[in-house]
Chemist: 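Let me begin by handing over the structure; questions about it come next.
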Amino acid sequence: MKNIYRALGALLLMAAGSWFLADALWPRPFEYFAFRSAAIQLTGVVAMAAMSFAMVLAVRPRWADKLLNGLDKMYRLHKWLGITALVAAVAHWWLAQGTKWMVGWGWLTRPARGPREPITDPLRAWFDGQRHLAEDVGEWAFYAAVAFIAVALLKRIPYRWFAKTHRWMVVPYLVLVFHAAVLLKWDYWSQPVGWLTAGLMLAGTVAGAWVLSGRVGRSRTVAGEVADVRYFEPLRATRTTLSLAPGWPGHAAGQFAFVTSDPREGAHPYTIASAWNAADRQIRIVTKALGDHTRALHQTLRPGLPVQVEGPYGCFTFDDSAARQIWVGGGIGITPFIARMHQLAQATPATPAAPGTPRVPVTLFHTTREEDPQALALLADDARAAGIDLHVLVDARDGRLTGDRLRAAVPEWRAASVWFCGPAGFGQALQRDMVAHGLPQGRWHQELFQMR
């Protein structure tokens with residue numbers, strides 16, 4: 001999470017800081033319309049910086065995956081950048097449009113405009129001639145962008161509608177690039193604020209074209225087919241085995257992939273619940289019935305059905321130097337730990353579980369609301385094969401896992417790192433408790449498996 005905070009803070013600092021090098025927000029003597037003119041420029045710069053960087057992250061660049069410690073963190077930053085852009089854009093819109101309304105209502109009096117200096121530069125004259133068009137199309141692009149961002153943020157809107165519509169966010173973004181390029185103060189273009197804005201908008205435009213062309217993730221996509229489907233009814237979970245064509249580079253336990261089984265539905269992200277074996281070229285995914293699509297998977301998936309698999313992504317790969325590890329898998333969050341147990345079980349001294357990672361004692365806590373004896377038996381078998389100390393807690397029978405219970409079960413917890421995958425609120429509460437009792441913040445690892 002620190003990398004997310006740092007990246008967001010650095011971008012906002014660069015955008016706002018470069019603007020303050022070029023202009024002043026508080027004119028002297030203070031006059032509302034002079035303040036409005038400066039504030040419109042500042043909010044516009046910040047909104048376009050955030051939106052442009054979000055557009056770059058939308059193409060899933062490999063460098064950002066590593067820098068932010070996983071695509072899940074990248075998408076969290078993408079979401080925050082969208083919210084930041086929305087807030088700045090709403091302020092920008094109100095300063096522009098709201099002021100006009102207040103003048104019309106008689107609340108403000110617009111000062112008389114003096115004579116305009118003649119423009120001799122042909123390029124500047126062309127930009128000046130586009131101002132009215134840029135203002136008009138920018139307003140409508142703003143409304144469209146707000147609608148697209150709302151679809152992304154409202155979880156009640158099904159994922160398939162979010163996935164289908166979000167790519168078209170590129171269109172209002174490109175219109176807003178035109179809007180910003182025309183209406184940015186001309187003097188800014190020769191200063192750091194102009195260079196930064198131009199660079200970000202150019203990068204965002206290229207990324208937007210990449211998104212519209214449908215090329216995102218194409219180089220990391222392989223074909224495959226469904227090999228086996230098993231449904232665990234008490235858990236409302238489906239375990240699907242996929243056979244992949246040549247081209248899959250292999251994956252580390254804890255990584256995930258985007259799987260398309262129905263082109264109309266689009267790609268869905270799933271954590272991979274198996275270790276990679278190049279001999280059989282199969283991966284497993286376990287899905288929980290959380291929506292219309294996942295609820296019907298055990299009925300719609302069948303052996304031989306073609307699929308597209310994109311990935312692997314993520315850095316939740318159990319690599320650290322702690323003397324022991326504690327794993328917490330809440331509900332369907334058990335999947336990365338199943339993959340890691342498979343990886344440990346098939347490892348030998350000649351082929352270690354992960355390059356450069358020594359084998360350390362591991363305690364796994366699996367918390368679940370529903371109890372399925374067959375699924376738990378498979379989990380127990382995996383734990384025995386990997387040499388993992390397994391603790392299963394069924395909520396109704398055993399109560400909830402707390403920091404006190406975890407520390408009592410693992411007296412050496414101070415020397416451990418904690419790897420958590422499960423409900424976000426549960427993870428946050430457990431993290432606060434563990435850190436408050438002395439666990440170093442850097443030893444808490446949590447997958448933020450939310451793609452919107």
Side-chain angles (χ1 to χ4, degrees), residues 71-72 75 151-168 214 216-217 221-245 248 251 255-274 282-314 329-339 366-379 395 421-424 447-452:
L71 186 66
D72 56 325
Y75 269 62
V151 170
L153 295 177
L154 296 174
K155 299 293 180 64
R156 291 188 176 184
I157 296 177
Y159 181 88
R160 65 179 180 275
W161 292 113
F162 155 73
K164 289 179 178 178
T165 61
H166 200 56
R167 65 181 296 189
W168 295 107
V216 176
T221 301
V222 300
E225 65 176 27
V226 175
D228 179 66
V229 180
R230 180 173 179 180
Y231 184 57
F232 298 91
E233 186 170 359
L235 301 178
R236 295 179 296 116
T238 304
R239 188 187 70 184
T240 308
T241 303
L242 306 175
S243 296
L244 303 184
W248 183 256
H251 63 272
Q255 291 189 299
F256 64 92
F258 289 88
V259 180
T260 303
S261 58
D262 181 353
R264 295 170 300 178
E265 181 71 24
H268 281 250
Y270 303 114
T271 300
I272 301 170
S274 61
Q282 291 188 337
I283 65 172
R284 279 180 173 175
I285 58 173
V286 180
T287 54
K288 181 82 169 181
L290 299 175
D292 293 341
H293 176 68
T294 50
R295 191 177 296 117
L297 278 179
H298 69 284
Q299 297 171 329
T300 58
L301 296 179
R302 61 189 183 278
L305 181 74
V307 296
Q308 296 288 321
V309 182
E310 176 196 338
Y313 293 104
I332 198 63
I334 193 62
T335 50
F337 305 112
I338 294 174
H366 174 46
T367 65
T368 177
R369 290 181 179 177
E370 303 91 359
E371 184 176 7
D372 185 326
Q374 291 184 331
L376 293 180
L378 291 173
L379 184 65
D395 290 352
C421 185
E447 189 173 47
L448 306 176
F449 202 72
Q450 293 181 344
M451 299 296 126
R452 59 184 294 195

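Note that the structure is a prediction, hence the values are computed from the model and not measured.
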Chemist: Return the CD to CD distance between Gln374 and Glu233, rounded to the nearest 0.5 Å.
Modeler: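 If we round to the nearest 0.5 Å, Gln374:CD and Glu233:CD are 10.5 Å apart.
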Chemist: Could you walk me through whether Arg239 and Ile285 satisfy the side chain to side chain contact (heavy atoms under 4.5 Å, CB included) test, starting with their C-alpha distance in whole Å, then the side-chain angles of each, then the deciding distance to 0.1 Å, before giving a yes or no?
Modeler: CA-CA 6 Å; Arg239 188 187 70 184; Ile285 58 173; over 6 Å; no
Chemist: For Arg295, does the CZ atom sit with more than 12 other heavy atoms under 6.0 Å from it, leaving out its own atoms?
Modeler: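 Yes, CZ of Arg295 has more than 12 neighbouring heavy atoms, counting only those of other groups under 6.0 Å.
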Chemist: If you compare all heavy atoms of Ala339 against all heavy atoms of Ser274, which two are closest, and at what distance to 0.1 Å?
Modeler: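 Closest approach of Ala339 to Ser274: CB-N, 3.5 Å.
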Chemist: Could you walk me through whether Val286 and Ile332 pass the side chain to side chain contact (heavy atoms under 4.5 Å, CB included) check?
Modeler: CA-CA 8 Å; Val286 180; Ile332 198 63; 3.6 Å; yes
Chemist: Run Gln282 and Thr241 through side-chain hydrogen bond (donor to acceptor under 3.5 Å, both in side chains) and show every step you take.
Modeler: CA-CA 7 Å; Gln282 291 188 337; Thr241 303; 5.5 Å; no
Chemist: What I'd like to find out is whether the side chain of Tyr75 reaches to under 4.5 Å of the side chain of Pro269, using heavy atoms alone.
Modeler: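 SC-SC contact between Tyr75 and Pro269 ruled out.
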Chemist: Salt bridge check, Glu370 against Lys288: does any charged N sit closer than 4.0 Å to a carboxylate O?
Modeler: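 Between Glu370 and Lys288 there is a salt bridge, with a charged N closer than 4.0 Å to a carboxylate O.
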Chemist: Decide if the gap between the ring center of Tyr270 and the ring center of Phe258 is smaller than 6.0 angstrom.
Modeler: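 So the answer is no for these two rings.
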Chemist: Between CD1 of Ile272 and CD1 of Ile283, what distance do you get to the nearest 0.5 Å?
Modeler: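 These two atoms lie 4.5 Å from each other.
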Chemist: Nearest heavy-atom pair of Val222 and Ala245: which atoms, and what distance?
Modeler: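 In terms of heavy atoms, the two residues are closest at CB-O, 4.4 Å.
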Chemist: Would you call Gln255 and Tyr313 a side-chain contact if the rule is heavy atoms closer than 4.5 Å?
Modeler: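 Contact flag for Gln255/Tyr313 side chains = no.
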Chemist: Only pairs at least two apart or in different chains count here, so list each salt bridge (charged side-chain N to carboxylate O under 4.0 Å, His left out) that has a residue in residues 264-273.
Modeler: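 Listed once each, the pairs are Asp262-Arg264.
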Chemist: Is there a side-chain contact between Cys421 and Phe337, using heavy atoms and a 4.5 Å cut-off?
Modeler: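 They are in contact (side-chain heavy atoms under 4.5 Å apart), so the answer is yes.
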Chemist: Sequence neighbours excluded, which residues qualify as side chain to side chain donor-acceptor pair (under 3.5 Å) partners of Glu371?
Modeler: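 Per chain and number, Glu371 pairs via side chain to side chain donor-acceptor pair (under 3.5 Å) with Arg397.
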Chemist: Quick check: do Val216 and Arg167 have side-chain heavy atoms less than 4.5 Å from each other?
Modeler: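 Of all side-chain heavy-atom pairs linking Arg167 with Val216, none is under 4.5 Å.
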Chemist: Please determine, by modelled atom types, if Thr221 and Gln308 share a side-chain donor-acceptor pair under 3.5 angstrom.
Modeler: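 No donor-acceptor contact under 3.5 Å links the two side chains.
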Chemist: Within the 4.5 Å heavy-atom criterion, are His366 and Leu376 side-chain neighbours or not?
Modeler: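 In short, these two side chains touch, coming nearer than 4.5 Å.
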Chemist: Using side-chain heavy atoms (C-beta onward) and a distance below 4.5 Å, is Val229 in contact with Val226?
Modeler: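 Yes, at least one pair of side-chain atoms sits under 4.5 Å.
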Chemist: Yes or no on side chain to side chain contact (heavy atoms under 4.5 Å, CB included) for Phe256 and Thr335, after CA distance, side-chain angles and deciding distance?
Modeler: CA-CA 10 Å; Phe256 64 92; Thr335 50; over 6 Å; no
Chemist: Applying ring-ring contact (aromatic ring centres under 6.0 Å, His included), can you list everything that pairs with His298, at least two apart in sequence or on another chain?
Modeler: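 Counting only residues at least two positions away or on another chain, His298 forms a ring-ring contact (aromatic ring centres under 6.0 Å, His included) with Tyr231.
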Chemist: Rounded to the nearest 0.5 Å, what's the gap from CZ on Arg302 to OG1 on Thr240? Could you check?
Modeler: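 If we round to the nearest 0.5 Å, Arg302:CZ and Thr240:OG1 are 13.0 Å apart.
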Chemist: Under a 4.5 Å cut-off applied to non-hydrogen side-chain atoms, are Val307 and Thr260 in contact?
Modeler: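 Side-chain contact under 4.5 Å: no.
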Chemist: Can you see which heavy atom on Trp248 is nearest to which on Ala257, and at what distance?
Modeler: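 Residues Trp248 and Ala257, closest heavy atoms: CH2-CB, 4.0 Å.
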Chemist: Please find the pair of heavy atoms, one from Gly330 and one from Pro423, that lie closest to each other, and give the distance.
Modeler: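 Here Gly330 and Pro423 meet closest at O-CD, 3.8 Å.
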Chemist: Could you tell me if the side chain of Asp228 sits less than 4.5 Å from the side chain of Pro303, heavy atoms only?
Modeler: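 Side chain of Pro303 against side chain of Asp228, heavy atoms only: no contact under 4.5 Å found.
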Chemist: The test is side chain to side chain contact (heavy atoms under 4.5 Å, CB included); show your working for Thr300 and Leu305 and say whether it passes.
Modeler: CA-CA 9 Å; Thr300 58; Leu305 181 74; over 6 Å; no
Chemist: Which atom names give the shortest non-hydrogen contact between Ile338 and Ala273, and what distance separates them?
Modeler: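 Shortest heavy-atom contact: CG2-O, 3.6 Å.
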Chemist: When rounded to the nearest 0.5 angstrom, what is the spacing between CZ in Arg230 and CG in Leu301?
Modeler: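 The CZ atom of Arg230 sits 16.0 Å away from the CG atom of Leu301.
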Chemist: Quick check for you: to the nearest 0.5 Å, what is the distance between Ile334 atom CD1 and Thr367 atom OG1?
Modeler: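 Here the interatomic distance stands at 8.5 Å.
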